[in-house]
Amino acid sequence: MQERGGNGMAAYLVFLEQRDGILAEASVNLWHRVQHHAVPGADRVSGFVAGPLRPGALEPLFGAGVVHHAAEERLARSSETTLSRLLAALAAREAITDIVIASTSAGKRLAPCLAQATGASLLSGCVAGGFQEPVCRRPIHCGSILVACVPEAPVRIYLQDRLPQVLFTGTEHPRSVAFDIVPHLDADEKMNPAVRSITEISRQRDISEAGIIVAGGRGMGGPEGFLLLEKLAALLGGSVGASRSAVDEGWRPHGDQIGQTGKSVSPDLYIAAGISGALQHLAGLSAARTIVAINADPDAPVFGVADYGIVGDVLAVLPRLIDVLGDVLPKK
Ligand SMILES: Cc1cc2nc3c(=O)[nH]c(=O)nc-3n(C[C@H](O)[C@H](O)[C@H](O)COP(=O)(O)OP(=O)(O)OC[C@H]3O[C@@H](n4cnc5c(N)ncnc54)[C@H](O)[C@@H]3O)c2cc1C
């Protein structure tokens, strides 16, 4: 592990993602994780947020530190190139050692640009370690091997998968200061309209951040089967995901696909309905905490990784599950 800054202390910079002026839950959780991990009185914690914020938007953040706020309207939807230039300038001025970014769709686009702009080591897809330990472990070959990644550059960027929430409260809130670096921003401000519309779609919903995912595969039988999953997800306060087969069938958008060629997710609860459990699907699940599988075939490979299994027809099991949970869960 490289020295943590010249004096052995770490200086963290958390990228705080915002949507419509409200901080993304993933960023708030990450901020508290970093606060929890930082050594009080030694390590420094700061944040960066771009674009106008709603009044009180920073109130969910607890802990000491400073949030650098670049409030200009045009920065709310700026390209990764622009954001990475702002962050790189800030990181250099503040002698930042560790930049932490939530692994959302926006975070995944930003981190490599920032690594290029700063020359930092980029650590992504780590299922253990992350910014909290010197060595990160990331799965390769569909999760069959874990490799240890040791950053070499003096500055590290962690593209951090979702971590369980920590309860971090107190009376102290970070100080908000106006971002006062004025790097030369030019043509890259004009984002390609096609990229912009994809960015906007992906901002609406991101299963990488979900704490509960109800996912369906070919066994759901069609888009109408997914209505049951929508119902269940709404009851549980979760999001709907899909296997590649369900996406290839056109039943769900590609943004919902989980697996090797889709998204890696790290929910506390993953319900796999009518999904066989192919290696390429499971590759996106290595950080899921509890897996519940519903499948008609008792020999389906998904049962090999499930914590709880229900053998049965999804079209019979899911309505019963929805009824029972509807009776016991508070209405959302
Ligand atoms: C290079 C590569 C990359 C890939 N990337 C991905 C990826 O990112 N994500 C991904 O998911 N896949 C990926 N795949 C595809 C993967 O190999 C599987 O084909 C896919 O995951 C299978 O999806 P499935 O489980 O929904 O469908 P199937 O394999 O067809 O399984 C359907 C399951 O539903 C069950 N079933 C059927 N009817 C019912 C019912 N009524 N009630 C209950 N259970 C029922 C069946 O028993 C079966 O287990 C990739 C493949 C390759 C080659």
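Reckoned from all heavy atoms, side chains included, excluding hydrogens, waters and symmetry mates. For the single chain, residues carry numbers from 1 onward in sequence order. Just so you know, ligand 1 is whichever comes first in the structure, and atom 1 is the first atom listed for that ligand.
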Would you be so kind as to tabulate the donor-acceptor pairs closer than 3.5 Å made by side chains of residues 278-305, with sequence neighbours excluded?
{"unit_1": "H281", "atom_1": "ND1", "unit_2": "I258", "atom_2": "O", "d": "3.2"}
{"unit_1": "H281", "atom_1": "NE2", "unit_2": "Y270", "atom_2": "OH", "d": "2.9"}
{"unit_1": "N295", "atom_1": "OD1", "unit_2": "D297", "atom_2": "N", "d": "2.9"}
{"unit_1": "N295", "atom_1": "ND2", "unit_2": "I275", "atom_2": "O", "d": "3.1"}
{"unit_1": "D297", "atom_1": "OD1", "unit_2": "D299", "atom_2": "N", "d": "2.8"}

> What residues sit with at least one heavy atom under 4.0 Å from ligand 1?
Replying inline: G217, R218, G219, S243, R244, S245, Q257, I258, G259, Q260, T261, G262, G274, I275, S276, A278, Q280, H281, N295, A296, D297, G312, D313, V314

> Only one of S276, S243, S245 clears side chain to side chain donor-acceptor pair (under 3.5 Å) with R218; which?
Replying inline: S245

>> Please give me the minimum heavy-atom distance between L75 and A70, naming the atom from each residue.
In response: CD1-CB, 3.6 Å

Show every donor-acceptor pair shorter than 3.5 Å between a side-chain atom in residues 86-94 and any protein atom, with sequence neighbours excluded, or say none if there are none.
{"unit_1": "R93", "atom_1": "NH1", "unit_2": "D180", "atom_2": "OD1", "d": "2.7"}
{"unit_1": "R93", "atom_1": "NH2", "unit_2": "D180", "atom_2": "OD1", "d": "3.4"}

>> Give me the atom names and distance for the closest heavy-atom approach of R19 to T104.
In response: NH2-CG2, 4.1 Å

Hey, can you pull the donor-acceptor pairs under 3.5 Å for the side chains in residues 113-125, sequence neighbours left out?
{"unit_1": "T118", "atom_1": "OG1", "unit_2": "L114", "atom_2": "O", "d": "2.7"}
{"unit_1": "T118", "atom_1": "OG1", "unit_2": "A120", "atom_2": "N", "d": "3.3"}
{"unit_1": "S121", "atom_1": "OG", "unit_2": "E152", "atom_2": "N", "d": "3.1"}
{"unit_1": "S121", "atom_1": "OG", "unit_2": "A153", "atom_2": "N", "d": "2.9"}

